[in-house]
Amino acid sequence: MPRPRDDDFATRVVAWFAGAARPLPWRAADLSPWAVLVSEFMLQQTQAARVVPFWERWMARWPTPAALASEPAAEALRAWDRLGYPRRALWLHAAATELVERHGGEVPRGLDALLALKGVGPYTARAVAAFAFGDRHPVVDTNTRRVIARAIDGVAVAAPPSAARDLPAMERLLPADREAAHAFNAGAMELGATVCTARTPRCDECPVAALCAWRAAGYPPHEGPRRRTQARFEGSDRQLRGRVMRELRAAHTPVPRGELAALEPDETRLDRVLASLVADGLAVGAVDGYALPHN
DNA sequence: AAAGCGGGGTC
DNA sequence: GACCCAGCTTT
């Protein structure tokens, strides 16, 4: 049973969300579960505002899993364009194929069936279950994790993601009512994304400022080990992978290795990157060069 | 538990 | 510049 204070917390977030929610297109009423699934793939590690145009084009072109599954993976990779982490496009295409072959072309409703899809983890499975089907599950993303860390735990920085800890923590706050739970899941994420932001939280606009443990404690700074610093992107293999993929997307015939060599003078590095792309299924190598995968 | 994976926005 | 983003799979 939620404690009274938790009920108050959820009630305030839900009320705030009703008036403050951004009009993101995947929040429209009566969307298909497929539309929600596509949005969740695109939103992984990608800001919502940047996803909007990609999602609009994708849904216009492939309104059903069957529509996507009927085209080669190369087309999914081209439509993904520069959204980042192109493996997501590959996995979404694979998921669409699996939906057609094993689920009658529909997104399954159960958590276990969702988790079995490639590219669907603890967050995405619950987000689809909650937002597409209205089922009551705790949904915890990086925004929610930060809101809970600050408002409930009173610390500046959330612990690294851990389903074993995050889901029970959200479950304790989640209203019993289905619709209220849906609104709280979405509202907590929105609060973290627009008010309780990582850098400069806007506590003067926060609906739960009066309940916030971090605020009550005087905004204590983060203690303990810093988050692992992300490897430098400039000059990285990741950057080169992106550049190679860009060439492959633009070409409709295999790109000779000699042409790709213009991207990178160090042939050892180029070959390492090409091998990694092939290993990931993002590219296929043939005698006449490299191309996007057909299947 | 940690590494690796894009690319752009933000401060 | 460094940090962050509706995470995931692999090792």
Side-chain angles (χ1 to χ4, degrees), chain A residues 17 21-22 24-27 35-55 77 80-92 94-95 114-132 137-147 156-167 170 182 185-194 196-202 222 225-246 248-249 272-273 275-277 279-283:
Chain A
F17 182 63
R22 292 169 293 176
L24 299 171
W26 46 85
R27 287 179 178 156
V36 175
L37 181 67
V38 171
S39 77
E40 295 301 345
F41 266 83
M42 292 183 169
L43 287 162
Q44 291 170 8
Q45 289 286 283
T46 308
Q47 293 94 327
R50 203 155 75 87
V51 165
V52 171
F54 290 86
W55 183 86
L77 287 167
W80 203 262
D81 195 40
R82 299 176 65 171
L83 193 55
Y85 292 142
R87 290 190 290 200
R88 294 182 291 169
L90 214 53
W91 290 337
L92 184 53
L114 288 165
L115 284 166
L117 299 171
K118 197 74 166 176
V120 174
Y123 164 75
T124 302
R126 287 171 181 77
V128 171
F131 301 142
H137 294 285
V139 180
V140 181
D141 76 329
T142 188
N143 294 305
T144 301
R145 199 159 35 244
R146 183 175 52 251
V147 168
V157 174
S162 160
R165 286 168 22 103
D166 296 342
L167 297 180
M170 188 61 173
H182 180 141
N185 276 318
M189 292 169 58
E190 187 78 346
L191 187 62
T194 65
C196 192
T197 53
R199 289 291 189 83
T200 312
R202 312 161 66 127
H222 176 63
R226 290 298 308 172
R227 179 191 187 133
R228 183 174 64 87
T229 72
Q230 185 172 296
R232 176 184 193 80
F233 180 66
E234 192 65 31
S236 67
D237 280 6
R238 291 167 73 152
Q239 184 183 45
L240 181 56
R241 281 170 58 103
R243 287 179 175 166
V244 170
M245 288 301 293
R246 195 172 179 175
L248 300 189
R249 285 195 305 268
R272 180 174 72 236
V273 159
S276 76
L277 290 174
D280 288 345
L282 289 166

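Every chain is numbered from 1, with letters handed out A, B, ... down the list of sequences. Here the structure is a predicted model, which is why all the values come from computation and not from measurement.
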(request) Go through C:dC4, C:dA6, C:dA2 for me and flag the one nearest to the A:Asp141 side chain. (result) C:dA6
(request) Among C:dA6, B:dG6, C:dC4, find the nucleotide with the atom closest to the side chain of A:Arg199. (result) C:dC4
(message) Pairing donors with acceptors under 3.5 angstrom, does anything connect the side chains of A:Arg22 and A:Thr194?
(response) no
(message) Among residues at least two apart in sequence or on other chains, which ones pass side chain to side chain contact (heavy atoms under 4.5 Å, CB included) with A:Pro161?
(response) A:Arg145, A:Asp166
(request) For A:Arg82, check side chain to side chain contact (heavy atoms under 4.5 Å, CB included) against everything at least two apart and list the hits. (result) A:Arg246, A:Arg249
(message) Within the 4.0 Å heavy-atom criterion, would you say A:Pro86 contacts the bases, only the backbone, or no part of the nucleic acid?
(response) sugar-phosphate
(message) Using a 4.0 Å heavy-atom cut-off, does A:Trp26 contact any base of the nucleic acid, only the sugar-phosphate backbone, or nothing at all?
(response) base
(message) If you assign A:Asp280 and A:Thr200 each to the DNA chain B nucleotide with the nearest heavy atom, which residue ends up on the more 5' nucleotide?
(response) A:Asp280
Less than 4.0 angstrom between a side-chain N/O of [X] and OP1 or OP2 of [N], yes or no?
| X | N | answer |
| --- | --- | --- |
| A:Lys118 | C:dG7 | no |
| A:Arg238 | B:dG7 | no |
| A:Thr142 | C:dC5 | yes |

Pair up each side-chain donor or acceptor in residues 35-43 of chain A with any protein partner under 3.5 Å, not counting sequence neighbours, and list the distances.
unit_1, atom_1, unit_2, atom_2, d
A:Ser39, OG, A:Val36, O, 2.7
A:Glu40, OE1, A:Tyr123, OH, 2.8

(message) Distance check, rounded to the nearest 0.5 Å: A:Arg202 atom CZ versus A:Cys196 atom SG?
(response) 12.0 Å
(message) Within residues 122-131 of chain A, which residues have any heavy atom lying less than 4.0 Å from an atom of DNA chain C?
(response) A:Pro122, A:Tyr123, A:Thr124
Separation between the [atom1] atoms of [N] and [M], rounded to whole Å:
| N | M | atom1 | answer |
| --- | --- | --- | --- |
| B:dG8 | C:dT9 | C1' | 23 Å |
| C:dC4 | B:dG6 | C1' | 13 Å |
| C:dC5 | B:dC5 | C1' | 14 Å |

(request) List in chain and number order the residues that pass ring pair (Phe, Tyr, Trp, His ring centres under 6.0 Å) with A:His137, two or more places apart in sequence or in another chain; answer none if no residue qualifies. (result) none
(request) Take A:Ser39 and A:Arg232, find for each the nucleotide of DNA chain C with the closest heavy atom, and name the residue whose nucleotide sits nearer the 5' end. (result) A:Arg232
(request) Name every residue in residues 42-50 of chain A that has at least one heavy atom under 4.0 Å from any atom of DNA chain B, in order of residue number, or write none if there are no such residues. (result) A:Gln45, A:Thr46, A:Gln47, A:Arg50
